[in-house]
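Numbering of ligands and ligand atoms starts at 1, following listing order. Along the sequence shown, residues are numbered consecutively beginning with 1. From a predicted model like this one, the values you see are computed outputs, not experimental measurements.
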Amino acid sequence: MKKIKVLSTFGTRPEAIKMAPVVKKLRENENVIDKICVTAQHREMLDQVLNVFNIKPDYDLNIFKPGQTLAEITTRALNGLEKVIKEFKPDVLLVHGDTSTTFAGALAGFYNNIKVGHVEAGLRSGNLYSPYPEEANRKLAGVITNYHFAPTEKSRLNLLNEGYEDSRIFITGNTQIDALFEVVDDEYVFENELLNSIDYKNKKIITMTAHRKENLGKPMENIFNAIKDVVLKNEDVEVIFPIHLNPKVRNIANPILKDLDRVHIIEPLDYLPFANLQARSYLIVTDSGGIQEEAPSLGKPILVARRETERPEGIEAGTAKLLGVERDNIFREIDTLVNNEEEYNKMSNAVNPYGDGKASERIVEILIKEESVKKKEEI
Ligand code: UD1
Ligand code: UDP
């Protein structure tokens, strides 16, 4: 059998985490010649993940600039990727998710007549401006995708409703779950002494993250003020907030939260400690996409501080709740879960709807099957 050439492209922390298991399966497969190109839209936050999963990219476009605009990311990634495609000449280019790197990657493949495989295809919030610009990035990538790897039946239906051919859509589960199962461990010891000193048994630990661009400004202020209200009312609550490197997030968070004894603002954690911190938390408050998929797998209620989500499966399964971005409502919902055991148990016992840990395996098998049929037809 002729080997297929696959170029995997990613650029930010979440893409790297979710592509790590795919890249591993590609690398192990003797029918595949694979190369990795990182755009490095994120720098430190990407490198953290590359280190954890021991991924050594074949190409690093190193496009990151502090304060980068969406157009800068997209054009720098597009130009860099075109050169890589011309050199490696892949049969398939894999992109992941909904970032600017995702869109630029798909476009680079399309412009160079390379087939595009979109991992985590078909998620939709229904609002182009929330998450912004991710909803648009994911849809734009979809238009020029040949293999849609949809994580759930819902994402498959979204694609069918938009007119995509059923035979091009493959339900795989989410690769996020593949990565997670490898790293959570009851015996895990943190390198961060603060995290080791926390009394996870007797305190109610809330892990929080926030970074969405549409939340920068008043919505994020509301989220942080609501957290402050929860901490001041409930003495048994302690908050751990690994803060995104975006200075805009820090400028909003620090004045509201930095003087509170039971709120710990820390630097972004490596993936291992972050996954294990989630596993030891009482609940998670976030506007992140990927964390909405992880927390339910760990049996943790997840409160989503956003107006819309492209991941309704968790809400329907009862593991997640959409809080909106108003201070009063966010406070009320967190306070209820902190004080109402019945509500808490309902959410933490709901079943994870996002995958079984085998998504990457399926993606690689599908690629090989589909591409080997193509190669035979070409002969
Ligand atoms: C990007 C993605 C978003 C994803 C998020 C994951 C787009 C449009 N957005 O948003 O979908 O949810 O990554 O975290 O692709 N920074 C650093 N070092 C880093 C990373 C970021 O200093 O390693 C700072 C820089 O000041 C940078 C800012 O964070 O300007 C924002 O980074 P950027 O990649 O533009 O957007 P994110 O908000 O991280
Ligand atoms: N994450 C991490 N360290 C942190 C915070 C998050 O490793 O300090 C991981 C988290 O486990 C999840 C991913 O980063 O897998 C989510 O990334 P992020 O929230 O930045 O982006 P999104 O998923 O919203 O695109």
Report summary line: The atoms of ligand 1 lying under 4.0 Å from a heavy atom of Arg43, numbered in the order shown, are 19 (C), 23 (O)
Query - Proximity of Phe274 to ligand 2 by residue part, where a heavy atom lies under 4.0 Å - result: side chain
Requested in this report: Fit a plane to each ring of Phe53 and Tyr271, take the angle between them on a 0 to 90° scale, and name the class: parallel (under 30°), tilted (30 to 60°) or perpendicular (over 60°).
Outcome: tilted
Query - Neighbour count above 12 (heavy atom, 6.0 Å) for Asp186 CG - result: no
Query raised in the report: Among all protein non-hydrogen atoms, which one is nearest to atom 22 (O) of ligand 1, and what is the separation to 0.1 Å?
Result: Phe64 CZ, 3.4 Å
Query - Per-atom contacts of ligand 2 with Gln176, taking only distances under 4.0 Å to non-hydrogen atoms - result: 12 (C), 15 (O)
Query raised in the report: Going by atom types alone, do Asn137 and Asp98 pair a side-chain donor with an acceptor below 3.5 Å?
Result: no
Query raised in the report: Backbone or side chain, does any N or O of His211 fall under 3.5 Å from an N or O of ligand 2?
Result: yes
Query raised in the report: Just by distance, with hydrogens left out, do Gln278 and Ser281 show a side-chain donor and acceptor under 3.5 Å apart?
Result: no
Report summary line: Of Pro131, Ala16, Ser100, the residue with the heavy atom nearest atom 8 (C) of ligand 1 is Ser100
Query raised in the report: His244 to ligand 1: N or O pair under 3.5 Å?
Result: yes
Query raised in the report: In the protein, what heavy atom is nearest to atom 5 (C) of ligand 2, and what distance, to one decimal place, separates them?
Result: Arg13 NH1, 3.4 Å
Query raised in the report: How far is atom 30 (O) of ligand 1 from its nearest protein heavy atom, and which residue and atom name does that atom have?
Result: Gly67 N, 2.8 Å
Query raised in the report: Is there a donor-acceptor contact under 3.5 Å linking the side chains of Asn202 and Asp236?
Result: no
Query raised in the report: Between Thr152 and Glu313, is any side-chain donor less than 3.5 angstrom from a side-chain acceptor?
Result: yes
Query raised in the report: Considering distance alone, does some N or O of Gly290 sit under 3.5 Å from an N or O of ligand 2?
Result: yes
Report task. Would you mind checking which non-hydrogen protein atom is closest to atom 39 (O) of ligand 1, with the distance to 0.1 Å? Result -> His42 NE2, 2.7 Å
Report task. Check for a donor-acceptor pair, side chain of Arg250 on one end and backbone N or O of Ile243 on the other, with a separation under 3.5 Å. Result -> yes
Report task. Run the numbers for me: atoms of ligand 2, each under 4.0 Å from some heavy atom of Pro268, listed by number. Result -> 8 (O)
Query raised in the report: Stepwise, does the side-chain contact (heavy atoms from CB on, under 4.5 Å) test hold for Glu235 with Arg262?
Result: CA-CA 9 Å; Glu235 285 189 1; Arg262 280 178 285 111; 4.3 Å; yes
Report task. Using a cut-off of 6.0 Å, state whether more than 12 heavy atoms not belonging to Lys248 lie near its atom NZ. Result -> no
Requested in this report: Would you kindly check if the NZ (Lys) or CZ (Arg) of Lys213 is within the cone defined by 45 degrees around the ring axis of Tyr132 and under 6.0 Å from the six-membered ring centre?
Outcome: no
Query raised in the report: Considering only heavy atoms, does Ile73 approach ligand 1 within less than 4.0 Å through its side chain, its backbone, both, or neither?
Result: side chain
Query - For atom 15 (O) of ligand 2, closest protein heavy-atom neighbour - result: Glu294 OE2, 2.6 Å
Query raised in the report: Out of Lys65, Lys213, Glu134, whose heavy atom sits nearest atom 3 (C) of ligand 1?
Result: Glu134
**Report entry** Thr102 side-chain N/O to His96 backbone N/O, donor-acceptor pair under 3.5 Å
**Finding:** yes
Report task. Report the part of Glu134 in contact with ligand 2, treating N, CA, C, O as backbone and CB onward as side chain, heavy atoms under 4.0 Å; options are side chain, backbone, both, neither. Result -> neither
**Report entry** For Leu245, the ligand 1 atoms whose distance to one of its heavy atoms is below 4.0 Å
**Finding:** 16 (N), 17 (C), 18 (N), 19 (C), 22 (O), 23 (O), 24 (C)
Query raised in the report: Taking non-hydrogen atoms only, is Leu46 closer than 4.0 angstrom to ligand 1 via side chain, backbone, both or neither?
Result: neither
Query raised in the report: Can you list the ligand 1 atoms lying under 4.0 Å from a non-hydrogen atom of Pro133?
Result: 8 (C)
Requested in this report: May I ask you to list the atoms of ligand 2 that are less than 4.0 angstrom from any heavy atom of Gln278?
Outcome: 11 (O)
Query raised in the report: In the protein, what heavy atom is nearest to atom 29 (O) of ligand 1, and what distance, to one decimal place, separates them?
Result: Asn246 CA, 3.3 Å
Report task. Do me a favour and list the nearest non-hydrogen protein atom to atom 19 (O) of ligand 2 with residue, atom name and distance? Result -> Ser288 OG, 2.7 Å
Query - Numbered atoms of ligand 2 (with element) below 4.0 Å of Leu269, judged on heavy atoms - result: 2 (C), 3 (N), 4 (C), 7 (O), 8 (O)
Query raised in the report: So between Ala210, Pro14, Ala275, whose heavy atom ends up nearest atom 21 (O) of ligand 2?
Result: Pro14
**Report entry** Flag for Asn234-Asp335: side-chain donor and acceptor within less than 3.5 Å
**Finding:** yes
**Report entry** Protein contact to atom 13 (C) of ligand 2 [nearest heavy atom, distance to 0.1 Å]
**Finding:** Ile17 CD1, 3.8 Å
Requested in this report: Using distance alone, with no hydrogens and no angle criterion, decide if Thr99 and Glu134 have a side-chain donor and acceptor under 3.5 Å apart.
Outcome: no
**Report entry** Check: Glu135/Ser125 side-chain N/O donor and acceptor closer than 3.5 Å
**Finding:** yes
**Report entry** Option of least heavy-atom distance to atom 22 (P) of ligand 2 (set: Gly97, Gly289, Ala295)
**Finding:** Gly289
Query raised in the report: So Thr286 and Gln292, side chain to side chain donor-acceptor pair (under 3.5 Å) or not? Walk me through it.
Result: CA-CA 8 Å; Thr286 191; Gln292 289 178 58; over 6 Å; no
**Report entry** For Leu70, atoms of ligand 1 separated by under 4.0 Å from a heavy atom
**Finding:** 8 (C)
Query raised in the report: Are a donor atom and an acceptor atom from the side chains of Asn222 and Asn225 found within less than 3.5 Å of each other?
Result: no
Query raised in the report: So, Tyr147 versus Glu371: side-chain donor-acceptor pair below 3.5 Å or not?
Result: yes
Query raised in the report: Going by atom types alone, do Gln41 and Thr39 pair a side-chain donor with an acceptor below 3.5 Å?
Result: no
Query - Under-4.0 Å heavy-atom contact with ligand 1, by part of Lys248 that carries it - result: neither
Query - Considering all heavy atoms, the nearest Glu293-Asn352 contact - result: O-OD1, 4.5 Å
Query - Lys203 to Tyr282 six-membered ring, cation-pi geometry met (6.0 Å, 45°) - result: no
Report summary line: Going by the 4.0 angstrom heavy-atom rule, the piece of Met45 near ligand 2 is neither
Requested in this report: Return the residue, atom name and 0.1 Å-rounded distance of the protein heavy atom closest to atom 18 (N) of ligand 1.
Outcome: Glu44 OE1, 3.0 Å
Query - Ligand-side contact atoms (ligand 2) for residue partner Pro242, heavy atom cut-off under 4.0 Å - result: 8 (O)
Requested in this report: Return the residue, atom name and 0.1 Å-rounded distance of the protein heavy atom closest to atom 5 (C) of ligand 1.
Outcome: His211 CE1, 3.6 Å
Query raised in the report: Contact between His244 and ligand 2, counting heavy atoms under 4.0 Å?
Result: no
Query raised in the report: How far is atom 35 (O) of ligand 1 from its nearest protein heavy atom, and which residue and atom name does that atom have?
Result: Gln68 NE2, 3.3 Å
Query raised in the report: Where is the nearest protein heavy atom to atom 26 (O) of ligand 1: which residue, which atom, and how far?
Result: Pro247 CD, 3.3 Å
Report summary line: With heavy atoms and a 4.0 Å threshold, my read on which part of Pro14 contacts ligand 1 is side chain
Requested in this report: Return yes if some donor-acceptor pair links the side-chain N/O of Asp270 with the main-chain N/O of Leu272 below 3.5 Å, else return no.
Outcome: no
Query raised in the report: Can Gln48 be said to touch ligand 2, with heavy atoms closer than 4.0 Å?
Result: no
